[in-house]
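Scroll down for the structure; my scribbles are underneath it.
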Amino acid sequence: MAKAREIKNGNGNSMEINKPYYCTECKRNHTKGKIYKEHLEFANSEDINEELINGENTESELGNEDPEIEDYDDEAEIIEAFNELEEEINSDVENFSNNDNDINNCVEAVKNLPGVGEATLNKLIKAGFNSLESIAFTPPSIIQEESGLGEKTTTKLIKVSMEKLNIGFKSAVDIWEHRKNIARVTTGSQELDDLLGGGIETGSVIEFFGEFRTGKTQIMHQLCVNVQLPREKGGLEGNALYIDTEGTFRPERIIQMAEAQDLDHNKVLKNIVFGRAYNSDHQILLIKETANLIKEKNIKIIVVDSLIGHFRSEYIGRGTLATRQQTINSHLHDLLRLCDIYPELGVVVTNQVQSKPDVFYGNPLRAAGGNVVAHGSTIRVYLRKGKGEQRIAKVVDAPHLPEGEAVFSITGNGITD
Ligand code: ATP
Ligand code: MG
């Protein structure tokens, strides 16, 4: 093994896979496997010397057999390759540390709360309460249950966090200022965007419900791609988190949608964090765990496809109805709370429909989940099939949008007009 691979960084820690490390021999940064040729020669010569001293013949081992080590023809090429590599590493390190700074600032704020020692801080962070907002907006019972802290401590922490964040009465002007700056993600269809007041707004839970094949899953896929677009193109320069409860997430569809917009599909796929929920408990757990991912992974949109499929199949019979509705309610509030804690985050969920046997006139289809889901989602959009690839979207409930309809299409390229 070449010695260069064993060189430790300045702190004396061992080299970690895929992490840049600083080589004390040649005073440069390296990534694992990509080793500056000059350095390699140095390392090999060191190995040869060592092996000669040890009297071992390792000619074949000394050959450049490692596929990870690149061959370069001349010195200029090596230097160019190395400079490129160094730039790549530096930009990675910069991005990483920017994000890191953000997270550290939030944690620092929690640490500075009165009465928060090392043990309390660890408990809070472990349970996902890593910012003042996450403490201030969560009911005390949930903080207690998830962190294991006592009632008194929790109540005190919430009170101080609220004071620090200045949560209380505000003027409507402040709210208007906030609403004016609300960010939106394009759906890909101008008509559908217009119907939604300019696209999918952040800070809200938006529900798309409709029969099978009405395009719910297609819209979810499209939003995961579009959220990554630059702001001037209708995106948020952020990443997506996809909770799939039905097993219908298709990366190939993401590739089609990304390529239709001339995006590098590998990058687009890499920026989607995917979680398959196998049952309702798992689904609830995944959403609770996202609290720690949102800042770290720059998540700007969370998709849950579908919201209550698991609950419908697991809670069967009238006797379970109350528990089911309570559990869905608390799950929806977990999602709503994420929007409060991270105002630049949008949550989009899909929902199935059920037929009401007692409706003789008009549409017998209703969104599943009853009043709990109806009251929980901020904006509700009903989807139905049109001619061929056309679909019709109707806003059925929104605090600020008129009830209206828009026609959009599902094509190979994704959602369009
Ligand atoms: P369900 O309730 O069963 O989950 P859904 O509303 O999520 O249904 P989608 O999967 O979003 O339905 O939509 C499926 C429809 O999308 C297909 O029937 C087809 O019309 C369209 N579709 C899917 N993939 C493509 C594609 N590659 N090119 C064109 N249209 C497509
Ligand atoms: Mg679907």
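Positions are given from 1 along the sequence. Whatever order the structure lists them in is the order used to number ligands and atoms, beginning at 1.
Under 4.0 Å from ligand 1, the heavy atoms of Gln256 that appear belong solely to its side chain. Contacts between Thr411 and ligand 1 below 4.0 angstrom, taking non-hydrogen atoms only, involve the backbone exclusively.
Put simply, part of Arg391 is less than 4.0 Å from ligand 1, judged by heavy atoms. Proximity of Arg250 to ligand 1 is not established, as no heavy-atom distance is less than 4.0 Å. The closest approach between Met220 and ligand 1 stays at or above 4.0 Å for every heavy atom of the residue. Within the 4.0 Å heavy-atom cutoff, Gly412 counts among the residues contacting ligand 1.
Across the listed options Gln218, Glu211, Lys385, Gln218 owns the non-hydrogen atom lying nearest to atom 9 (P) of ligand 1.
Given atom 21 (C) of ligand 1, the protein heavy atom at minimum distance is Ile410 CG2, 3.7 Å. Of the protein's non-hydrogen atoms, the one nearest atom 24 (N) of ligand 1 is Arg253 NE, 3.4 Å. Among all protein heavy atoms, the one lying closest to atom 2 (O) of ligand 1 is Lys216 NZ, 2.8 Å. In terms of protein heavy atoms, atom 8 (O) of ligand 1 is closest to Arg213 N, 2.9 Å. What sits closest to atom 7 (O) of ligand 1 on the protein, heavy atoms only, is Thr217 OG1, 2.7 Å. The protein heavy-atom contact nearest to atom 4 (O) of ligand 1 is Glu246 OE1, 3.6 Å. Remark: minimum distance from atom 3 (O) of ligand 1 to any protein heavy atom is reached at Phe212 CB, 3.4 Å.
The residues Lys297 and Glu289 are annotated as not salt-bridged, no charged nitrogen and carboxylate oxygen being separated by less than 4.0 angstrom. Using a cutoff of 4.0 Å between basic side-chain nitrogens and carboxylate oxygens, Asp334 and Arg337 are scored as salt-bridged.
The nearest pair of heavy atoms linking Ala393 to Leu192 is CB-CD1, 3.5 Å. Closest approach of Glu405 to Leu195, counting heavy atoms only: N-CD1, 3.5 Å.
Not one N/O/S atom of Thr350, from backbone or side chain, sits under 2.8 Å from the Mg ion (ligand 2).
Close contacts between ligand 1 and Gly215 involve ligand atoms 5 (P), 6 (O), 9 (P), 11 (O), 12 (O), 13 (O) [criterion: under 4.0 Å to a heavy atom].
A cation-pi contact links Arg380 to Phe209, judged by a cut-off of 6.0 Å to the six-membered ring centre and 45° from its axis. Cation-pi check for Lys300 over Tyr342 is not met; the charged atom does not lie both under 6.0 angstrom from the ring centroid and within 45 degrees of its normal.
No donor-acceptor distance shorter than 3.5 angstrom exists from the side chain of Arg324 to the backbone of Glu314, with no hydrogens or angles considered. Of the possible polar contacts, one joining the Asn298 side chain to the Glu237 backbone as a donor-acceptor pair under 3.5 Å is found.
Contact check for Ile415 versus Ile410: side-chain heavy atoms found under the 4.5 Å cut-off.
Taking the six-membered ring where tryptophan is involved, the planes of Tyr242 and His221 are perpendicular, since the angle between them exceeds 60° and thus also 30°.
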